[in-house]
Number of protein chains: 4
Amino acid sequence: MKKAAIIGGTGYGAIELIRLLQAHKEIEITKIISQSQAGEDLAATYPHLTGIVTTEMESLDTEVLEKEIDILFLATPAGVAKNIIPSFQGTSVQCIDLSGDFRLSPEEYSEWYGKEPADAAVLEKAVFGLSDIFTEEVKAASIISNPGCFPTAALSALVPLIDGDKIHTEGIRIDAKTGISGAGKGLSEKAHFSSANENVVPYKIGKHQHIPEIERYASRFTNEDVKVSFTTHLIPMTRGLLCTIYADMKQEETTASILEHLQHYYREKPFVRILPEGQFPATKGVTGSNYCDIGAYVDERTNSIVIAAAIDNLVKGAAGQAIHNANLMNGWEETMGLEFIPVFP
Amino acid sequence: MKKAAIIGGTGYGAIELIRLLQAHKEIEITKIISQSQAGEDLAATYPHLTGIVTTEMESLDTEVLEKEIDILFLATPAGVAKNIIPSFQGTSVQCIDLSGDFRLSPEEYSEWYGKEPADAAVLEKAVFGLSDIFTEEVKAASIISNPGCFPTAALSALVPLIDGDKIHTEGIRIDAKTGISGAGKGLSEKAHFSSANENVVPYKIGKHQHIPEIERYASRFTNEDVKVSFTTHLIPMTRGLLCTIYADMKQEETTASILEHLQHYYREKPFVRILPEGQFPATKGVTGSNYCDIGAYVDERTNSIVIAAAIDNLVKGAAGQAIHNANLMNGWEETMGLEFIPVFP
Amino acid sequence: MKKAAIIGGTGYGAIELIRLLQAHKEIEITKIISQSQAGEDLAATYPHLTGIVTTEMESLDTEVLEKEIDILFLATPAGVAKNIIPSFQGTSVQCIDLSGDFRLSPEEYSEWYGKEPADAAVLEKAVFGLSDIFTEEVKAASIISNPGCFPTAALSALVPLIDGDKIHTEGIRIDAKTGISGAGKGLSEKAHFSSANENVVPYKIGKHQHIPEIERYASRFTNEDVKVSFTTHLIPMTRGLLCTIYADMKQEETTASILEHLQHYYREKPFVRILPEGQFPATKGVTGSNYCDIGAYVDERTNSIVIAAAIDNLVKGAAGQAIHNANLMNGWEETMGLEFIPVFP
Amino acid sequence: MKKAAIIGGTGYGAIELIRLLQAHKEIEITKIISQSQAGEDLAATYPHLTGIVTTEMESLDTEVLEKEIDILFLATPAGVAKNIIPSFQGTSVQCIDLSGDFRLSPEEYSEWYGKEPADAAVLEKAVFGLSDIFTEEVKAASIISNPGCFPTAALSALVPLIDGDKIHTEGIRIDAKTGISGAGKGLSEKAHFSSANENVVPYKIGKHQHIPEIERYASRFTNEDVKVSFTTHLIPMTRGLLCTIYADMKQEETTASILEHLQHYYREKPFVRILPEGQFPATKGVTGSNYCDIGAYVDERTNSIVIAAAIDNLVKGAAGQAIHNANLMNGWEETMGLEFIPVFP
């Protein structure tokens, strides 16, 4: 059984890792690290963990971790992991970073995050852990840059179309809807129940740091430079994320032929489900699970395609995919510890 | 004081007309018509009206209405109003139809509604009651075809851009999000709380009957044939509708210049609010009111625009706009009976 | 037209006063006072007021208010109004305090609010503005202590039963459920959407400052000392409040006879609706309106009664009742400016 | 590995059994029985099961079940199980009935369910499967009558108090709040999103069939006849159930001493968590898990107690407890397949 530590113990990402790893046969959590709440009991912040998580949170000590830990999950805010992961170079500790610190080029990171980028040599080693697409690269990696929640859904839908030369890479529009947990645990006006409930509102239009992430990895599948228009919306629900994507078809195709292409593309991927014609993904269909559900419609009137992908932002969009990556890195069964059936209703 | 009748007394449209007309100084509701529940008390179906609406519902008698009524609001399902309105031709009764019966050409109606269209001569007289755009035509009309909820929001955002030759008419994508009340009062799996709550799901992709309605009226402002890709989503809230629209700019412009154009376009329209740069419309900002809030962002990276419009689907998207049209037809103050401040929080 | 000022301009109480007073024929708001945000535009905090409220907020200047204002609404946190209202003694300004500062005896206030009580002489002049019960006292008052939201619902149900000697005053249990807006605009963990949504949780059991308020005013209708057990719950909705009350019957009665008693008790009260046998109040049946809906059931198996009262916590439980009191104080029609039909759905 | 069949395959109870049993090491579902949808694919009704449950639903054939099945879960509407379970008498099939058919005496069943009761001889063999209370009886049972969701929460809170002679058995009031999934999958006005959202409403006051169930099993711990006043409320959330219970103390005690009593009472029960003083159970703290969280407060002002218990109505209140009972009946680890951490947020 491998020993894991979670850094960033009081955010939703860490809490979801704790929930999911409970069912994992090969990983046990032996340390929960929180700089701000070291010495405290996690159940004081999260009463639902009363009687379940009883170890005290600790402060970060890389030397101890190096000796005692096999897998390190970093569920920290932007700008933290880039200062921690380099300490583990040259050790056998596998690092899986759920933040954005290792997802972009140094230039992109500076521009979109407004922070100093990670050390270039370490950055180069990091593999973008979009598990269903970069499966082979992940298997060989020692540092995983776990994708953002929106890029996970958007790229899962877009990559097969770009890779299969089905759509024009210009004019791609991504309209994303996320539950409020996507905004994290911090208090804010927009996350106040009385503001968020019975409300839909776009935010960060044209400025979201997931834009360069989507473009960067989508561009790997074409010689063209993919540029997307990406707009996020807050939706009055806790979990779940849907990306509805619009693009122009390169040649005439039918909905059936596109679905067949998708089906084939993901034929060996247990967590991607291509829905039958006429059916579209609902976030509630994946809640609490590691599935990514995809549906598509070719609009012959406008020779364009509408493709939608739904995930649970905290599972497939964060903690679940991190575990999926850990499975791949360690040569375990891909689905180990992730066979949750969606919670419905 | 003019006497009004409402046909279709048990749907949400009628209930909202009753709520709003309570505050109207020139209109009183004297009859509520329901074929299916004639003789019953409306408060039996809608307990919130206990002690407020005490008149029994009646069955339809056009001869009586002709004599006793000045304004007829038809809040009926598709296919009903087209058989009723012709009876009032040659009378002084003003007809305002909230259904889709008079919005399309006969060919479009047959194709998208799958029903026999209205009599062509009567259809020709009907004016599309998008109050803030077709203001002058409405003033002169005797039959109003009140717009659909999605077209109201979509056209309010699109028309100024098309009319001002700001965007390409190809490649327009409309991503719409609506509260569940948009699906009406009928029982269905998708409107069941346990299905709809904590869920976002696209529906009727490429097949929504509001597509030809948007295209038809947008095309009036250009020589080109406007074709839109239009996708609707059910959102876990009761009221509210947001359209996020993506289009390519014809020439380089800034967010500021577009907002100025919009501001100017609607300078005399009391119910359209153009939000300042950096701010986007929230459905909660218009709940219970007749406002349409619009925000825009020009994405210079992709030379495209994102424009979003929020309305209350039952007010501006139905009953409120119907009253607005009644005000215009009768030469009353435009805002009469509609000066509701949004209900917040 | 009387001139009104609102102090505490950025809380939900003030925002609701602004919304409701828009429709009032005899009151106009001429000043909005906010110590913390003086000089700012209210629409910057509440975008839904864009284009509607355009006057800048001012800081408090009692001398100016005394000259320019007829009615003063205080929608301030506990501990503020008690320092402001005394300045207006000897003037003609009518003061309506929505906070708890003038609801209790000095001893009770010290104990439950943990603050210095208001000046005893001024406190004595304040009338508890439970409009449907203390109607005559309110008419003669110059200072109104507007009731808390829970006491409004609880007392509206309890007083007729105690006054009619129907129930034992011992063993009364009040189980209250409130929407999150009841917790106010401030940011807190419990009001965070991701915590509050899909959740019900009791809070402040046995310690709520509305306990002495309910007991104090219920005791006026009996020689006994009324003591209640009162438990509040946060419910995942924005507006609305329901009190379900349990008590032992003094003698055998039927549901019908109790409903008749209630009907009679409130026969001249336009805002209290007694529901027919078998029907129970839903908060959604009163949303946005000034109604208090009451239903009851006599459980002959246990010789006890279940009585439930539903209100909109921000209208009947705050701003609406404040306006009702202003109407009574000024001899206007009781329902003036409050004839809103509940917003449904 | 034991083979299980689920009868009533398309209700929420069955769906939750399927979700939970996925993680069970000793039970595999080999048959899903649905009379109304035999021959259909369950994923057609529940798209979230696409690719997960692929066996066709079958119609009921008791002879086949007898041969091929070890454990039979009946998640059927009232009135069905009583006709099925008798067929399995004399066989080794363990029957676990999630409906109300075997919970009451024949007289009570006739009165509260309005149906013919089960055969008296079979009824007598059925053990009420409140797992944490009747643990030993369950271990020896071959027929389990799985408790209703409300009785599970109510009795978990009440029994230790009655058994410990802490409270008077007269004057017990139970105020229950349930998510809409408690009303089942069927379509109804009260479960329509637009009615249920932003709403709290009591229902079935004094008439709920869980009343005799609570009284019957609470009475086993006292010589007195327990009579309760029980009121249920629909809350705008999908899952979760909270019972807030009010009772009079027999003698003076403190919150601390009661909590200690509860702690002791459940000291060996892994699924009951007694919360520390000052903390109250939130339904969100148990979502998706088999926990029952209990908090209590002794109100010394009124010498009464407020005790609240929260469960997930579909897990602890139905499918989870059914599996717990299967574990007990088969001598497996009590927590087998039920170690889910609550889904938060």
Side-chain angles (χ1 to χ4, degrees), chain A residues 170-175 177-179 190 192-203 205-207 211 227-231 233-242 244 246-248 255 278 280-285 287 295-302 304-306 308 310 343-345, chain B residues 170-175 177-179 190 192-203 205-207 211 227-231 233-242 244 246-248 255 278 280-285 287 295-302 304-306 308 310 343-345:
Chain A
E170 274 182 18
I172 296 171
R173 325 299 199 188
I174 303 171
D175 189 284
K177 298 97 182 157
T178 182
K190 74 180 174 195
H192 191 298
F193 187 90
S194 300
S195 297
N197 188 38
E198 285 286 293
N199 199 10
V200 183
V201 62
Y203 69 100
I205 297 189
K207 301 187 161 41
I211 294 173
K227 286 254 168 298
V228 302
S229 170
F230 174 69
T231 300
H233 300 77
L234 280 180
I235 295 292
M237 61 187 196
T238 304
R239 283 178 180 238
L241 180 164
L242 181 81
T244 314
Y246 305 89
D248 292 310
T255 299
F280 288 93
T283 57
K284 205 179 185 82
T287 303
Y297 174 79
V298 174
D299 187 353
E300 299 175 24
R301 292 173 64 254
T302 57
S304 67
I305 187 170
V306 185
V343 180
F344 185 93
Chain B
E170 274 181 17
I172 297 171
R173 324 296 199 192
I174 305 172
D175 189 284
K177 297 97 181 158
T178 182
K190 73 179 175 197
H192 190 297
F193 187 90
S194 298
S195 298
N197 189 38
E198 287 285 295
N199 200 9
V200 183
V201 61
Y203 69 100
I205 297 189
K207 302 188 159 43
I211 294 174
K227 286 255 169 295
V228 302
S229 169
F230 174 69
T231 301
H233 300 77
L234 281 181
I235 295 292
M237 60 187 197
T238 305
R239 283 179 180 237
L241 180 164
L242 181 80
T244 314
Y246 305 90
D248 292 310
T255 300
F280 288 92
T283 57
K284 205 176 183 84
T287 302
Y297 174 78
V298 174
D299 187 353
E300 297 176 25
R301 292 173 64 254
T302 55
S304 67
I305 187 170
V306 184
V343 179
F344 184 95

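Just the heavy atoms: all of them, side chains too, but no hydrogens, waters or symmetry mates, feed the values below. Proteins come first, then strands; the chains are lettered A, B, ... in the order of their sequence lines, and each starts at number 1.
Top candidate by heavy-atom pairs under 4.5 Å with chain A, chosen from B:V306, B:T283, B:D248, B:V201, is B:T283. Counting heavy-atom pairs under 4.5 Å between each of A:M237, A:R239, A:E198, A:E170 and chain B puts A:E198 at the top. Among A:G240, A:P281, A:G171, A:G285, the residue making the largest number of heavy-atom pairs under 4.5 Å with chain B is A:P281. Heavy-atom pairs under 4.5 Å with chain B peak, among A:V228, A:D299, A:T231, A:N197, at A:T231. For the options B:A310, B:P345, B:A282, heavy-atom pairs under 4.5 Å to chain A are most numerous at B:A282.
Side chains of B:Y246 and A:D175 form a contact here, defined as non-hydrogen atoms less than 4.5 Å apart.
Of the two parts of A:A247, only the backbone, made up of N, CA, C and O, holds a non-hydrogen atom closer than 4.5 Å to a non-hydrogen atom of chain B. If you measure heavy-atom distances from A:L234 to chain B, you find no contacts under 4.5 Å at all. With a threshold of 4.5 angstrom between heavy atoms, A:I235 approaches chain B through side-chain atoms but not through N, CA, C or O. Proximity to chain A (any heavy atom under 4.5 Å) is shown, for B:L241, by neither the backbone nor the side chain. Neither the backbone nor the side chain of A:I172 comes within less than 4.5 Å of any heavy atom of chain B. With a 4.5 angstrom heavy-atom cutoff, A:T302 touches chain B only via side-chain atoms.
A:H233 and B:L242 get closest at one heavy-atom pair: CD2-CD2, 3.5 Å. Nearest heavy atoms, A:R173 versus B:S304: NH1-CB, 3.5 Å.
Interatomic distance, OG1 of A:T287 versus CG of B:N199, reported as 7.0 Å (0.5 Å rounding). The structure places CZ of B:F344 at 7.5 Å from OG of A:S194, a figure rounded to the nearest 0.5 Å.
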Stepwise side-chain contact (heavy atoms from CB on, under 4.5 Å) check, B:V200 with A:K284: CA-CA 7 Å; B:V200 183; A:K284 205 179 185 82; over 6 Å; no
